[in-house]
Student: 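To start, I am sharing the structure in question, which I have written as structure tokens.
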Amino acid sequence: MNNAEMNLVGEIPTRRGKSVKGNRNWKFVAASSASIIVLLIAGISYYQATRFNSQTTINDINVGGMTADQALKKLQTTVLQNRVFVGQQQILDENDTKMGFADQDLPEVKKILKSQWTFFPSTKAKGYHLIPEKADQFRTETMKKLVEEKLLSMNKSLKAPQDAAAKLTQGSIIITKSKDGEQYDVSSLLKEYDKQHYKSDIHLSPLYIQPIKENSAIVKNEQKKLQELLGQTVEYKVQDQVFSLKASEVITNASVTKDMKITIDPNDIKNKVAEINDTKSTLNKDFSFKTHSGSVISVKGKGYGWALDVDKETAQIQAAFEKGENSISASNVIGHGWKGEGYGYDTTANNGIGGTYAEVSLAEQRIWIYKDGKLVITTNVVTGKHSTGHDTSTGVWYVLYKRSPSILTGRELGGKPSYQVQVNYWAPFTNDGQGFHDASWRKNWASNAYLNDGSHGCVNTQPDDMKIVYENLSTYEPVVIY
């Protein structure tokens, strides 16, 4: 070792702990080493403060070892391939585009640089997501919409999951089992897409629509809803009678919608309404009628009478159960009125005839007009001509309307008008033109006049009596002809 070398490293100490001239040189060496270390640390610190760690990525682009300016330049020049994968399946491949970064994005890059700083270089992988200040609408809107449409289109040919559900089947509540499907959870996949806006290739992990499970709160709530349904009773009023309809007796099949509303199969309700209708309705049925003489006869209902509109009443009762209503009244009545309306629903007295009606006896050629149960007039009449088949039609009809005065038009078996005549009072009771009216031209009022000299079907009433008859006839009230 020469003198120069000895100056640098110092002399070797003797056994007695002394050296020839080493103390000063050792101090020099220690001071020099410390300076070098400080310089090295300062250099490393500066480098770390201005460069990204080696495994740092921004939008999947490796910027390791780069300055913020260099990293931004790389982001500006990187081409996006705009391919989208779900698992291993590529579902989209659009034209290449740039990320859309500009110089104004440099402060954000510097923020990432600062946030990833470590005192000593780190090889730990760390990725960052950065959106340009001027976002790329193709990636955030257009391409995202294409991904959504593609996924929805694919789902059409894929098996849908089957939710578990509580259902009322043949009177018992059962829980159907859930089944997995193959359809994609589009909403969740689009959320994953949003996290990868600026990756060149977007890789989405397959996420599938999950069925509602048997032990879920949803199914338990459905079960509770159906149990509550089976405990319901709807009081259904028809005329003056109330029928207690128990859900457990008239509902055997029902389900619960996603918004927790009951949906009922109405078939059993319909059968019950039809049964009630058969019991209560009068349409096309025979009326038991007590005549002026006290005898009881049976007269077929014709224009007069009513029936429940079974379909509409079924829907009304179904809705009452679904909404949890306790009582309803029948409100849909049909019959033989001009517009399909029925008459007599509000009348229960006198076997459905009530106390206000007109009674016509063809055999006696006489009428009796009753008002609120009291006889107000009775008089002889002439009805339809029997010999030509123009008999006044028997049955229970109703007064269609009243008009005073009126012009009547006669026809021969549906042909052209054969006559026109004015009357002071007119009250028809059949749709084909039979009714009560005065007949000032008639000379023959004999009790057998109707056989060969009767009308064309109307009830000719003597002019002196017709005013009282007319005043006591009530629109929509029964006309009983026998």
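Residue numbers start at 1 and run along the sequence shown.
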Student: Who passes ring pair (Phe, Tyr, Trp, His ring centres under 6.0 Å) against His292, sequence neighbours left out?
Tutor: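 Listed in chain order: Trp368.
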Student: Do side-chain atoms of Thr279 reach the backbone of Glu275 as a donor and acceptor pair under 3.5 angstrom?
Tutor: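 Present.
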Student: Does Lys402 have any salt bridge (Lys or Arg N to Asp or Glu O under 4.0 Å) partners at least two apart in sequence or in another chain, and if so, which?
Tutor: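 Result, salt bridge (Lys or Arg N to Asp or Glu O under 4.0 Å) vs Lys402: none returned.
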Student: Does this structure show an ion pair linking Lys134 with Asp105, if we count only N-O contacts that are shorter than 4.0 Å?
Tutor: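 Judged by the 4.0 Å cut-off on N to carboxylate O distance, Lys134 and Asp105 do not form a salt bridge.
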Student: Do Ser361 side-chain atoms and Glu364 backbone N/O form a donor-acceptor pair below 3.5 Å?
Tutor: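 Side chain of Ser361 to backbone of Glu364: a pair is present.
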Student: If you measure from the Lys or Arg side-chain nitrogens to the Asp or Glu carboxylate oxygens, is any gap between Asp278 and Lys272 under 4.0 Å?
Tutor: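 Salt bridge flag = no for Lys272 with Asp278.
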Student: Give every donor-acceptor pair under 3.5 Å between a side-chain atom in residues 140-150 and any protein atom, sequence neighbours left out.
Tutor:
unit_1	atom_1	unit_2	atom_2	d
Thr140	OG1	Asp136	O	3.0
Lys144	NZ	Asp194	OD1	3.1
Lys144	NZ	Asp194	OD2	3.2

Student: Quick one: are the ring centres of Tyr304 and Phe287 less than 6.0 Å apart?
Tutor: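 Ring centroids of Tyr304 and Phe287 are less than 6.0 Å from each other.
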Student: I'd like to know whether Phe436 forms a ring-ring contact (aromatic ring centres under 6.0 Å, His included) with Phe429, so could you lay out the CA-CA distance, the side-chain angles of the two residues, the decisive distance to 0.1 Å, and finally the verdict.
Tutor: CA-CA 8 Å; Phe436 298 98; Phe429 49 77; 5.3 Å; yes
Student: Sort and list the pairs that fulfil ring pair (Phe, Tyr, Trp, His ring centres under 6.0 Å) and have at least one residue in residues 223-280, not counting sequence neighbours.
Tutor: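 Those involving residues 223-280 do not exist here.
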Student: For Ala307, check side-chain contact (heavy atoms from CB on, under 4.5 Å) against everything at least two apart and list the hits.
Tutor: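 Ala307: side-chain contact (heavy atoms from CB on, under 4.5 Å) contacts with Asn277, Ser281, Leu283, Ile334.
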Student: State which residues pass side chain to side chain donor-acceptor pair (under 3.5 Å) with Asn472; sequence neighbours excluded, sorted by chain then number.
Tutor: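 For Asn472 there are no side chain to side chain donor-acceptor pair (under 3.5 Å) partners, ignoring immediate neighbours.
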Student: Got a sec, which pairs hit salt bridge (charged side-chain N to carboxylate O under 4.0 Å, His left out) with one end in residues 300-317, sequence neighbours left out?
Tutor: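 The answer is Lys270-Asp311.
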Student: Return the set of residues passing ring pair (Phe, Tyr, Trp, His ring centres under 6.0 Å) with Tyr482 (not counting sequence neighbours), or none when no residue passes.
Tutor: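 Per chain and number, Tyr482 pairs via ring pair (Phe, Tyr, Trp, His ring centres under 6.0 Å) with no residue.
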Student: Give a yes or no on whether the backbone of Ile264 and the side-chain of Glu322 come within a donor-acceptor separation of less than 3.5 Å.
Tutor: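 Yes, Glu322 side chain to Ile264 backbone: donor-acceptor pair under 3.5 Å.
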Student: Has the side chain of Gln227 got a donor or acceptor atom that lies under 3.5 Å from a matching backbone atom of Lys225?
Tutor: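 No.
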Student: Is Asp60 salt-bridged to Lys199, cutoff N-O under 4.0 Å?
Tutor: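 So Asp60 pairs with Lys199 through a salt bridge.
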Student: Could you please spell out the steps behind the side-chain hydrogen bond (donor to acceptor under 3.5 Å, both in side chains) verdict for Asp163 and Ser178?
Tutor: CA-CA 5 Å; Asp163 295 333; Ser178 64; over 6 Å; no
Student: Run the salt-bridge test on Glu108 and Lys111 with the 4.0 Å N-O cut-off and return the result as yes or no.
Tutor: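 Lys111 and Glu108: salt-bridged.
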Student: Counting only N and O atoms by type, is there a donor-acceptor contact under 3.5 Å from the side chain of Thr356 to the main-chain atoms of Asp372?
Tutor: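 Yes, Thr356 side chain to Asp372 backbone: donor-acceptor pair under 3.5 Å.
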Student: Answer yes or no: is there a donor N or O on one side and an acceptor on the other, between the side chain of Asn350 and the main chain of Gly352, under 3.5 Å?
Tutor: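 Not a single qualifying donor-acceptor pair exists.
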Student: Can you sort out the partners of Phe321 under ring pair (Phe, Tyr, Trp, His ring centres under 6.0 Å), two or more places apart, ordered by chain and number?
Tutor: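 Scan of Phe321 (ring pair (Phe, Tyr, Trp, His ring centres under 6.0 Å), adjacent residues dropped) gives none.
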Student: Would you call Lys195 and Glu192 a salt bridge, taking side-chain N to carboxylate O under 4.0 Å as the test?
Tutor: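 Yes, charged N to carboxylate O under 4.0 Å.
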Student: Without swapping roles, check the side chain of Ser288 against the backbone of Ser298 for a donor-acceptor pair under 3.5 Å.
Tutor: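 Checked: no pair found.
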Student: Under the side chain to side chain donor-acceptor pair (under 3.5 Å) rule, collect the residues that match up with Ser393, sequence neighbours excluded.
Tutor: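 With sequence neighbours excluded, Ser393 shows a side chain to side chain donor-acceptor pair (under 3.5 Å) to Gln434, given in chain and number order.
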Student: For Asn253, what residues pass the side chain to side chain donor-acceptor pair (under 3.5 Å) criterion, not counting sequence neighbours?
Tutor: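 None.
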Student: Suppose we screen for ring pair (Phe, Tyr, Trp, His ring centres under 6.0 Å). Which residues come up paired with Tyr357, at least two apart in sequence or across chains?
Tutor: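 By the ring pair (Phe, Tyr, Trp, His ring centres under 6.0 Å) rule, Tyr357 matches Phe289, Tyr370.
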